[in-house]
Q: 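For reference, the structure I am asking about is given below.
All chains are named by letter (A, B, ...) in the order of the sequence lines, taking the proteins before the strands, and each is independently numbered beginning at 1.
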Number of protein chains: 2
Amino acid sequence: MSNLKIASTDDLECDIPHPLETEHLAELGQGVLEPEKAQRMAEFFSFLGDPNRLRILSLLAQEELCVCDLAIALTMSESAVSHQLRTLRAIRLVRYEKRGRKVFYRLADHHILNLYQAVAEHLDEID
Amino acid sequence: MSNLKIASTDDLECDIPHPLETEHLAELGQGVLEPEKAQRMAEFFSFLGDPNRLRILSLLAQEELCVCDLAIALTMSESAVSHQLRTLRAIRLVRYEKRGRKVFYRLADHHILNLYQAVAEHLDEID
DNA sequence: TTAAAATATGAATAGCTGTTCAGATATTCG
DNA sequence: CGAATATCTGAACAGCTATTCATATTTTAA
């Protein structure tokens, strides 16, 4: 039985001090991430949760590039790159500009670079 | 035809200056995120790419909790919570300690909180 | 105008992921 | 001991996702 429901005898076995159960329940409620915001954050992280998208971003962090150059540099089909850019466009992580028959993409936001580097450093530390 | 392959006449249509094509190709190669590291980073972001995992982390950021309390606070089955904690354990994002028949989980790393807050702020800005 | 290049797009498919369900293990209580 | 609690685990299933393939569109080159 959870100590969230009733004042149980659990306090005898787990020797950490607990506030009154009613207060404890209220505390938990206020600390949870709202489902709606959790959803938005999860979507954002998911967009960064693909190796090829990260590699695209790593290239665009240096210079703007067109689809076919990205495809070559990443050894991906142009269609696959285009599909990925479509999703990156949807969340406004990249901007694009058409010149002739080419479309040049570049990063739209430098917040992503900070995240990018933070995780890169984090992974270097824990390994 | 991509400007990565040959020195084409593309420079006539796209009026940004380009270095020599051979140098350009070399530049691109050094800037790409290594596939192996891209994979690891993507895995890490993917772990944060689930609403329920984020909500678990948001709770554990405040206090340690056992599985059944997490389940109640998140309105999830205990099994689902346990499965998620399993993956969070795998990447060492949480630590656990068994006391009696309960298992208490807490954050193992405060780097995640920084990321967490960075994204939360980012999302607040772009909306 | 015809051909080729660059990109975009929708459908289809294979692979991944998160949940549920059933059951196993371990611990406490009577 | 036997019953209840807390957690874990594997299998199965549904939903999502990233790629491929075929095709359409637009623009430049010949």
Q: Heavy atoms under 4.0 Å, any strand shown: does A:Phe47 hit a base, just sugar-phosphate, or nothing?
A: nothing
Q: What is the separation between atom CG on B:Leu85 and atom P on D:dT7, rounded to the nearest whole Å?
A: 9 Å
Q: With respect to the phosphate group of C:dT9, does any side-chain polar atom (N or O) of A:Arg89 fall under 4.0 Å of OP1 or OP2?
A: yes
Q: Kindly confirm or rule out a cation-pi arrangement of B:Arg89 over B:Tyr96, judged by NZ or CZ under 6.0 Å from the six-membered ring centre and within 45° of its axis?
A: yes
Q: Taking any heavy-atom pair under 4.0 Å as a contact, classify A:Tyr105: base, sugar-phosphate, or nothing.
A: sugar-phosphate
Q: Could you check whether B:Asn52 and B:Gln84, counting side-chain N and O atoms only, form a donor-acceptor pair closer than 3.5 Å?
A: no
Q: Strictly under 4.0 angstrom, non-hydrogen atoms only: write out the protein contact profile of nucleotides 10-24 of chain C, one letter per nucleotide from the 5' end, B, S or -.
A: B-------SBBB---
Q: Of B:Leu59, B:Leu60, B:Asp69, which meets side chain to side chain contact (heavy atoms under 4.5 Å, CB included) against B:Tyr105?
A: B:Leu60
Q: Round to the nearest Å and state the distance from A:Leu70 atom CG to C:dT7 atom P.
A: 9 Å
Q: Roughly how many Å is it from CD in A:Glu43 to C1' in D:dG15, rounded to a whole number?
A: 15 Å
Q: Separation of A:Leu88 atom CG from D:dT17 atom P, in whole Å?
A: 14 Å
Q: Taking side chain to side chain contact (heavy atoms under 4.5 Å, CB included) as the criterion, tell me which of A:Leu48, A:Leu85, A:Leu88 meets it with A:Arg53.
A: A:Leu88
Q: Yes or no on salt bridge (charged side-chain N to carboxylate O under 4.0 Å, His left out) for B:Arg99 and B:Glu64, after CA distance, side-chain angles and deciding distance?
A: CA-CA 12 Å; B:Arg99 297 197 202 109; B:Glu64 67 174 9; 2.9 Å; yes
Q: Round to the nearest Å and state the distance from A:Ile91 atom CD1 to D:dT17 atom P.
A: 12 Å
Q: Does any N or O in the side chain of A:Ser77 come within less than 3.5 Å of the main-chain N or O of A:Ala80, such that one atom is a donor and the other an acceptor?
A: yes
Q: Is there a donor-acceptor pair under 3.5 Å between the side chain of A:Ser82 and the backbone N or O of A:Ser79?
A: no
Q: Rounded to the nearest Å, what distance is computed from the CG atom of residue A:Leu54 to the P atom of nucleotide D:dA18?
A: 11 Å
Q: Of all the nucleotides listed (C:dT7, D:dT26, D:dC8), which has the minimum atom distance to the side chain of B:Val103?
A: D:dC8
Q: Taking only N and O in the side chain of A:Arg101, is any of them less than 4.0 Å away from OP1 or OP2 of D:dA29?
A: no
Q: Rounding to an integer number of Å, can you tell me how far B:Arg99 CZ sits from C:dA26 C1'?
A: 17 Å
Q: What integer distance in Å separates B:Glu64:CD from D:dT7:P?
A: 12 Å
